[in-house]
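To start, the structure under review is shown below, and the notes come after it.
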Amino acid sequence: MLDSPYTLEDPERLLVDLNAAQRRAVTHAGPALLVVAGAGTGKTRVLTRRVAWLIAQGIEPWRVLAITFTNKAADEMRRRLEALPGGSQVWAGTFHRFGSYLLRRHGDEIGIDTGFTILDRDDQISVVKSIYRDRGLETSDLRPVDALSMISHRKNGGGGRTPVDLTHPGAAATFDTVAEEYARRLRTAQLLDFDDLLLEALRLLQESEAVATQVRERFAHVLVDEYQDTNVVQRDILMNLLGPDAGITVVGDPDQSIYRWRGAAVRNILDFDQDFPETETVLLERNYRSTARILAAAEAVIAVNRERHEKRLYTEAGDGAAVRVIRARNGEDEARIAAHLAATWQREGRRLDHIAVFYRVNAMSRGVEMALSQAGLPYVVVAGTEFFQRREVKDALAYARLVANPKDEAAFLRIVNTPRRGVGAASLQKLRVLADARGIALAEAACSARESGMSKRAVAGVERLLALLDRVRAMPRAPVAPILDVLLTGSGYYATLEDSDDILDRSRLENVRELVAYAREFEKREPEGDLATFLERAALVSDQDGYDGESGRVTLMSVHSAKGLEFPCVLIVGAEMNHFPHGRNLGDPASEEEERRLFYVAMTRAREELVITHAARRQTYMGDEPRVASPYLNVIPEHVLAREDHAAWGAPVEWGAGAGELPPPSSYGEDIVRETGSSLAPGMRVQHPYFGPGLLESLGGDGSDERVTIDFDTHGRKQILLRHARLERLS
DNA sequence: ACGTGGTCCTTTTTT
DNA sequence: AGGACCACGT
């Protein structure tokens, strides 16, 4: 690009298109800088420019560490910095990748074998479940996933409340056993879970003076993006990373902290100036992304939160279109409306990849996907990890993991009998006994299968597998794709899928082949990369990594995955009480605030068009249920909204493939509320947006003072001012 | 050892 | 409505 600002010839060029606050951030010279950057204020740009600025000031690129929230963001930053001499030597990546990087090089200093493999969530669950089986634990005392979240909670510094209630008899004892055995198994199998990557990296910096010194001497400046979503372990890593002359820059927005549930501590950003002395704070408040109406709507929602530090976003963009709130009859209609809107936008000349649909839970993508297909609109679901979590892909990777780490228990359990080798539960039980007796990893004990007392057939099966693995390990410095090919062919994995007449196996085969293709691509992209690196990349993909902004398709994703992105047109579906905010997060003020921040994140992704939909009824696993609009929709000032009700008029409406207009909406809001109010009578079952269902006992007052008494199922008897409450009648 | 069918349970978000 | 788990039969 001709006018790229990324040049060292004239560092001032790095600043020309920045506003005053952004410039202050980019050029700051002190030891610690906190950039509080509201949504759409250009923080990514500031961060990248700052790296370039530091390099222009004479810091060697390889002495810069940039921690991003996704690999995608790291790639993006590297791409921009490439224009600078040495720019590609900046270390850019996620915290987990940095942890892995340190441990791969220096782990042995603290007793971690550098040939470790990484355990993902599915693997974690399978390890825990196998502990339950081997130790005779009861899942009714404590669910394996709950044991796991407690283990994780404990490891990452335990922000927030304890995720699981251990007062249930047997739960505490079960947890202790699981936690202890889990740690032991990971250690003997040279496995690190996601939390370990951070925790052990921290321990490395704390316990090895040599490594700490080396790292501190290397990095002259550390930059961290999305600081509001870091946890205390990550903060401690930073504190241990900085040499006396090193600088640190963090960028974030407390209002966009959405990962408390996995240990993120908003306190990190709020207390940054106490953790790092001589901090200067720069506030970015000018929003370059959204129209004034969208911004006003979003601000109204976030303003309800009490735990925040005030900041005021402003935009010089025009008012823009009204934020549309659409009430649909049910979930299917809602999805059809979403597809219809996308089709309309497209007809108006919008690119499909400028349109995004966000949902609170991934399960909601299904309905939207169906509606889009029926409308003939191409779409893409952004869930990068999804591919790597498929059974067949995990199987293939498990083979590779065993090659890299012969002790990898999770990988071993996964494929020891896939395809069938006659090694069932009974055989594995015997192997476990042997492994425990010798204090070695399960997969290691497999080498002594003969001595375990397994059946002849099982021993033969295990030995066939071991021979294959040995053969591959003997391939000297082979690239990854051939390794995978030999494994999948030699094991009979390909053959099994090819010979199957199950339709699903067709696509499984394709997925496995796609993985091999991915491996080839990896080799091209990172010629230096070995098998361990490949496996690390595969283990640490993030959902956004696969996102292509120019796919030409409508983009579907969870709100969490949408973090950091922006789209001209945004649709938020499922804006209903108990769904968004999610029912599980109601009742605890801190969780409720996080839900609201999540909604705020969703809204602030939009540049020009924001449409929020909800359904009057929805099919849930409990059956067809009446739904109440999200309370968030009640705090948005009406003058920025356009409410449309497609549920009020009886008959279902067919919206064909982008044909025609939506049926004339009835307006709702004030009118409907009063209408509903006057039709209320004692004895009715009603639904309140905050208090849920209840029995209407009496009506009183008049005019604007009209009030009702309701005995709520879960909140007891309350008097409610009718003009404040959006009551709905339940059948 | 392994496939089948029935039952129960569950439903958030992800590196 | 879908998946995970168990019991049973081969």
Side-chain angles (χ1 to χ4, degrees), chain A residues 67-74 93-100 118-122 124-126 129 132-133 139-140 143-146 148-149 152 155-156 163 192-199 226 229-231 233-234 257-264 331 358-367 382-386 388-389 391 417-428 454-455 457-458 461 502 536-545 557-563 574 578-586 591 594-595 597-599 601-602 618-624:
Chain A
I67 305 278
T68 55
F69 199 70
T70 62
N71 304 306
K72 175 100 181 155
T94 64
F95 255 117
H96 287 89
R97 212 148 122 183
F98 181 65
S100 180
I118 300 169
L119 211 61
D120 72 16
R121 194 180 150 75
D122 285 348
Q124 289 182 292
I125 291 173
S126 74
K129 281 186 178 166
Y132 271 72
R133 274 193 298 276
T139 55
S140 52
R143 287 156 60 212
V145 288
D146 289 335
L148 211 45
S149 49
S152 174
K155 280 191 194 175
N156 62 35
L192 298 181
D193 64 23
F194 291 140
D195 300 324
D196 292 332
L197 292 177
L198 305 174
L199 208 51
E226 307 282 8
D229 278 321
T230 54
N231 65 29
V233 179
Q234 291 166 331
S257 172
I258 55 175
Y259 283 101
R260 196 185 76 105
W261 53 273
R262 77 173 195 204
F358 299 151
Y359 32 78
R360 176 65 180 82
V361 306
N362 289 113
M364 271 202 64
S365 76
R366 187 177 267 278
V382 176
T385 56
E386 205 177 57
F388 291 93
Q389 279 166 6
R391 196 178 71 192
N417 205 30
T418 312
R420 308 259 171 254
R421 291 187 185 88
V423 188
S427 300
L428 287 174
M454 283 195 271
S455 72
R457 191 157 61 125
D502 186 342
E536 181 202 281
R537 297 286 185 275
L540 299 182
V541 284
S542 50
D543 271 345
Q544 251 184 48
D545 291 347
M557 63 181 108
S558 73
V559 181
H560 280 90
S561 301
K563 174 178 169 136
N578 284 321
H579 179 79
F580 205 167
H582 198 276
R584 279 186 75 133
N585 286 339
L586 293 173
S591 301
E594 177 145 306
E595 285 289 314
R597 290 195 293 268
L598 190 60
F599 200 76
V601 167
R618 192 183 290 279
Q619 200 66 242
T620 72
Y621 71 99
M622 316 225 352
D624 183 49

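Below, all heavy atoms of this structure are taken into account, side chains as well, without hydrogens, waters or symmetry copies. Order of the sequence lines sets the chain letters (A, B, ...), proteins ahead of strands, with each chain counted from 1.
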Legend entry - Separation of atom OH in Tyr359(A) from atom C1' in dT11(B), rounded to whole Å: 16 Å
Inset, instruction - Hey, can you tell me if Phe69(A) and Tyr259(A) have their rings parallel, tilted or perpendicular (30° and 60° cut-offs)? - result: tilted
Inset, instruction - Produce a footprint string for nucleotides 1-10 of chain C: one letter per nucleotide, 5' end first; B if the base is under 4.0 Å from any protein heavy atom, S if only the sugar-phosphate is, - if neither. - result: B--SS-----
Inset, instruction - Have a look at Arg133(A) and say if it touches a base, only the backbone sugar-phosphate, or nothing, with a 4.0 Å heavy-atom cut-off. - result: nothing
Inset, instruction - For Ala426(A), answer base if it contacts any base atom (sugar-phosphate contacts may also be present), sugar-phosphate if it contacts only those atoms, and nothing otherwise; contact means non-hydrogen atoms under 4.0 Å. - result: sugar-phosphate
Inset, instruction - Considering just the side-chain nitrogens and oxygens of Asn362(A), establish if one lies under 4.0 Å of OP1 or OP2 belonging to dT13(B). - result: yes
Inset, instruction - Give a yes/no answer on whether the side chain of Asn156(A) brings an N or O atom under 4.0 Å of OP1 or OP2 in dT15(B). - result: no
Inset, instruction - For Ser427(A), answer base if it contacts any base atom (sugar-phosphate contacts may also be present), sugar-phosphate if it contacts only those atoms, and nothing otherwise; contact means non-hydrogen atoms under 4.0 Å. - result: sugar-phosphate
Inset, instruction - Give the rounded distance in Å between these two atoms: CZ of Arg121(A) and P of dT13(B). - result: 10 Å
Inset, instruction - Mind checking Asp195(A) for me? I need base, sugar-phosphate or nothing, with any heavy atom below 4.0 Å counting as a touch. - result: nothing
Inset, instruction - Could you check Phe69(A) against Ala425(A) and say which one's nearest nucleotide on DNA chain B is further toward the 5' end? - result: Ala425(A)
Legend entry - From dT12(B), dT15(B), dT14(B), nucleotide with atom closest to Ser558(A) side chain: dT14(B)
Inset, instruction - Whole angstrom is fine here: how far is it from CG in Asp543(A) over to C1' in dT12(B)? - result: 13 Å
Legend entry - Any N/O donor-acceptor pair, His96(A) side-chain to dT15(B) base, under 3.5 Å: yes
Legend entry - Residue His560(A), side-chain atoms from C-beta onward, closest of dT11(B), dC2(B), dT14(B): dT14(B)
Inset, instruction - To the nearest Å, give me how far apart CZ (Arg260(A)) and P (dT12(B)) are. - result: 16 Å
Inset, instruction - Consider the side chain of Thr94(A), meaning its heavy atoms from C-beta on, and name the nucleotide among dT15(B), dT13(B), dT12(B) that approaches it most closely. - result: dT15(B)
Legend entry - Nearest-nucleotide comparison on DNA chain B, the residue closer to the 5′ end among Arg421(A) and Ser542(A): Arg421(A)
Inset, instruction - State which residues pass salt bridge (charged side-chain N to carboxylate O under 4.0 Å, His left out) with Arg366(A); sequence neighbours excluded, sorted by chain then number. - result: none
Inset, instruction - Tell me, please, which residues at least two apart from Lys129(A) pass salt bridge (charged side-chain N to carboxylate O under 4.0 Å, His left out). - result: none
Inset, instruction - Could you tell me whether Tyr259(A) contacts a base, only the sugar-phosphate backbone, or nothing, with contacts defined as non-hydrogen atoms closer than 4.0 Å? - result: sugar-phosphate
Legend entry - Smallest separation among heavy atoms of Asp229(A) and Ile258(A), with atom names: OD1-N, 3.0 Å
Inset, instruction - Describe the nucleic acid contact of Thr70(A) in one word from base, sugar-phosphate, nothing, applying a heavy-atom distance below 4.0 Å. - result: nothing
Inset, instruction - Could you tell me whether Arg420(A) contacts a base, only the sugar-phosphate backbone, or nothing, with contacts defined as non-hydrogen atoms closer than 4.0 Å? - result: sugar-phosphate
Inset, instruction - Using atom CD of Gln124(A) as one end and atom C1' of dT15(B) as the other, report the distance to the nearest whole Å. - result: 10 Å
Legend entry - Rounded distance (Å) that lies between atom C1' of dT15(B) and atom CZ of Arg262(A): 5 Å
Inset, instruction - Find the distance Phe388(A):CZ to dT15(B):C1' and express it as a whole number of Å. - result: 14 Å
Legend entry - With Tyr132(A) via ring-ring contact (aromatic ring centres under 6.0 Å, His included) - residues at least two apart: none
Inset, instruction - Under the side-chain contact (heavy atoms from CB on, under 4.5 Å) rule, collect the residues that match up with Gln389(A), sequence neighbours excluded. - result: Asp122(A), Thr385(A)
Inset, instruction - Under the side-chain contact (heavy atoms from CB on, under 4.5 Å) rule, collect the residues that match up with Asn71(A), sequence neighbours excluded. - result: Thr94(A), Arg97(A), Ser542(A), Asp545(A)
Legend entry - Length of the CZ-P vector between Arg143(A) and dT10(B), whole Å: 6 Å
Inset, instruction - Would you indicate whether the side-chain heavy atoms of Phe358(A) and Ser558(A) approach each other to under 4.5 Å? - result: no
